[in-house]
**Student:** 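The structure that follows is given in the form of structure tokens.
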Amino acid sequence: MQKTSRTDDVRVRFAPSPTGFPHIGNIRTALFNWLFARHHGGKFIVRVEDTDQDRLVPGATDAVLEALDWLDIQWDEGPRVGGPYGPYFQSERLDIYQKLADELLDRESAYRCYCSEERLVEIRKAQASAKISIGYDRHCRNLSKDERRAKDAEAGRFVIRFASPASGATEFEDLIRGHVAWQNELMDDFILIKSDGFPTYHMAVVTDDHLMEISHVMRAEEWLPSTHRHLQLHNAMGFEPPEFAHLPMILGPDRAKLSKRHGATAVLEYRDEGFIQEALVNFLELVGWSLDDHTEIMTPSTVIENFGLERVNKAPAIFDYEKLTWMNGMYIRQLSEEDLADRILPHLEKGLPSESLPVDRDYLLQIVPLIRERIKLLPEAVGMTDFFFQTELDFDPQRLIQKDMNKESALAALAACQAEMSGAKTFEHEPLEQALRAAANELELSPRQFFGTLRVAATGKDATPPLFETMEVLGRERVLDRIRQAIERLGDTD
Ligand code: GLU
């Protein structure tokens, strides 16, 4: 049975380690914490766990914050915004961890370990050949007072280890996974403070979750095996532990661990690939949680109103890139034309050749209705609309000659288009289509042939958004100019 959780004064945190760029799993964790905070009217805190100095990746913290910004997951406390429980970078809190570690030393809940790296390697080797894995052999835990004093006088390197309980069990109710129990004899005396004075993850996470008054720790399942250590450490420090909820793993549709071959894993790549933030958020909400058994498209307020851990699955969640792409298309179609134009614009600026730039926004606004039903990813707009912006079309004039046509009939079709278009009262697509259908008839060409030739002349392509609407947006002058050029180029061929 699942435990019911305390929900007054909710304070949750997202605690990224800047050792790599944020991936889908990290952001799903951030999102669920954020939704939980918003649902309960609590606080969502970002805390940067940058104590593993050897593995820091430059730019990683900024990338995390940029991803949160992009997805509109706003934090109430943390980097940039500050807050009453700061600093929110663990590397700026070293004295706090040291002080608490000293208190544990005084209470003999921790001890200095002077073992050399060589000795630790020896222990590991011996354990490996005996096929046992109990971790550190507690050699320094058992030093006498005198031995300890002598070691301290040598002033060599040491670490501070936790004196973990040798018997009994550590148990807790995970809000998603239910009852979890560990035998303490399997717990080693893990390190709290490394020889460089930096805390380990365990030390820092427990200290900060307590001092920042975190009510619920909601994090990836991979941290479940660390939780008994955290509970013991909370206990030794005399802290009341937060509640824990371990989110389900994320797998690809083939049920293998999510990786590059299932689609991008770095979140900001989704932005570059043309996913829109609302779609990615909606999709991620369903990676492990559901509103009911069928709803896919949900407004943010519906999700906030209904979010809770009761509907988070224990079983691994499947990340289905195809579904995300489908959902993106659905979201694109819900956007206003203005909004869609603004989102397409940067992709055009990136994808179009420089001579097609700058893109005129009003012109783009006329184009958007022609493509909104067809695009699933924003950059697809580039290939679908480039001919609207090109000053000169570049295509092989032979392509003007459609199936069962020859140079003469293609030229005749283009001449007929020219005549109809220059004489037409308006350039609106409906009357234009009628007039041109009649012209095709007269030349005894099928619509496929006649309009095929016209399409290549007006756009340089064999497939485009609806031709007459497209030409209406291109405008009479531009279309006539392109037909004139097409006639010239085809005339020049032999
Ligand atoms: N810094 C850890 C990570 O990057 C956080 C684990 C936790 O939430 O306790 O996943």
Side-chain angles (χ1 to χ4, degrees), residues 10-37 42-57 59-68 73 75 77-79 85 87-94 97 162 170 172 174-177 180 190-192 194 198-234 237 239 241-250 257-258 265-267 284 287-288 309 312:
V10 162
R11 289 179 56 82
V12 289
R13 84 309 192 268
F14 171 51
S17 298
T19 51
F21 288 87
H23 56 70
I24 286 293
N26 300 132
I27 297 301
R28 195 270 311 256
T29 299
L31 178 62
F32 279 26
N33 275 284
W34 179 82
L35 288 167
F36 190 77
K43 293 274 188 279
F44 172 64
I45 294 130
V46 172
R47 179 176 76 220
V48 181
E49 305 209 321
D50 56 348
T51 57
D52 196 347
Q53 295 287 303
D54 299 337
R55 292 177 55 224
L56 293 186
V57 170
T61 301
D62 285 339
V64 170
L65 303 180
E66 196 179 330
L68 295 178
I73 303 175
W75 56 103
E77 295 172 28
Y85 295 80
Y88 294 91
F89 285 82
Q90 289 186 328
S91 58
E92 294 169 23
R93 302 171 61 83
L94 301 185
Y97 312 122
F162 183 55
T170 306
F172 75 100
D174 186 282
L175 294 171
I176 295 169
R177 317 196 64 84
V180 185
F190 54 95
I191 297 175
L192 300 175
K194 297 178 275 191
F198 275 75
T200 55
Y201 157 68
H202 303 302
M203 177 67 190
V205 90
V206 167
T207 303
D208 290 346
D209 285 343
H210 172 73
L211 293 179
M212 295 182 180
E213 297 189 36
I214 299 303
S215 60
H216 299 74
V217 167
M218 215 174 295
R219 60 186 172 192
E221 193 186 81
E222 63 181 295
W223 299 106
L224 184 63
S226 297
T227 308
H228 59 307
R229 291 174 164 171
H230 298 173
L231 284 163
Q232 285 297 342
L233 201 45
H234 275 289
M237 290 184 179
F239 300 159
E243 301 199 64
F244 290 91
H246 288 89
L247 301 172
M249 248 161 49
I250 308 180
K257 196 167 181 297
L258 192 65
T265 49
V267 171
L284 286 177
V287 176
L309 298 178
V312 175

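Please read all numbers here as calculations on a predicted model, not as lab measurements. Start at 1 and go down the list; that is how both ligands and their atoms are numbered.
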**Student:** Work out whether the distance between some heavy atom of Phe14 and some atom of ligand 1 is less than 4.0 Å.
**Tutor:**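 No.
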**Student:** Given side chain to side chain donor-acceptor pair (under 3.5 Å), test Tyr97 with Asp208 step by step and report yes or no.
**Tutor:** CA-CA 9 Å; Tyr97 312 122; Asp208 290 346; 2.6 Å; yes
**Student:** May I ask you to check whether His228 and Phe244 place their ring centres under 6.0 Å from each other?
**Tutor:**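 Ring-ring flag for Phe244/His228: false, centres at least 6.0 Å apart.
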**Student:** Among all protein non-hydrogen atoms, which one is nearest to atom 9 (O) of ligand 1, and what is the separation to 0.1 Å?
**Tutor:**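 Here the nearest protein heavy atom works out to Tyr201 OH, 2.6 Å.
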**Student:** In terms of residue, atom name and distance, what is the protein heavy atom nearest to atom 4 (O) of ligand 1?
**Tutor:**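 Checked against all protein heavy atoms, atom 4 (O) of ligand 1 sits closest to Ser17 OG, 3.1 Å.
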**Student:** Which ligand 1 atoms are under 4.0 Å away from a heavy-atom of Val205?
**Tutor:** 9 (O)
**Student:** Is Arg13 near ligand 1, meaning one of its heavy atoms is under 4.0 Å from it?
**Tutor:**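 It does, in that a heavy atom of Arg13 comes within the 4.0 Å cut-off of ligand 1.
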**Student:** So which protein heavy atom does atom 1 (N) of ligand 1 come closest to, and at what separation?
**Tutor:** Glu49 OE1, 2.6 Å
**Student:** Report the relative orientation of the aromatic rings in His210 and Phe239; use parallel for angles under 30°, tilted for 30 to 60°, perpendicular for over 60°.
**Tutor:**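 If you compare the ring of His210 with that of Phe239, the planes turn out parallel.
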**Student:** Can Arg28 be said to sit on top of Phe32's aromatic six-ring, NZ or CZ under 6.0 Å from centre and within 45° of the ring axis?
**Tutor:** yes
**Student:** Would you please indicate if the ring centroids of Tyr88 and Trp75 are separated by under 6.0 Å?
**Tutor:**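 Ring centroids of Tyr88 and Trp75 are no less than 6.0 Å from each other.
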**Student:** Give me the residue, atom name and distance of the protein heavy atom closest to atom 5 (C) of ligand 1.
**Tutor:** Ala15 O, 3.2 Å
**Student:** According to side chain to side chain donor-acceptor pair (under 3.5 Å), who are the partners of Arg47, at least two apart in sequence or on a separate chain?
**Tutor:** Glu49, Asp209
**Student:** How far is atom 10 (O) of ligand 1 from the closest protein heavy atom, and which atom is that?
**Tutor:**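 It is Trp223 NE1, 3.2 Å.
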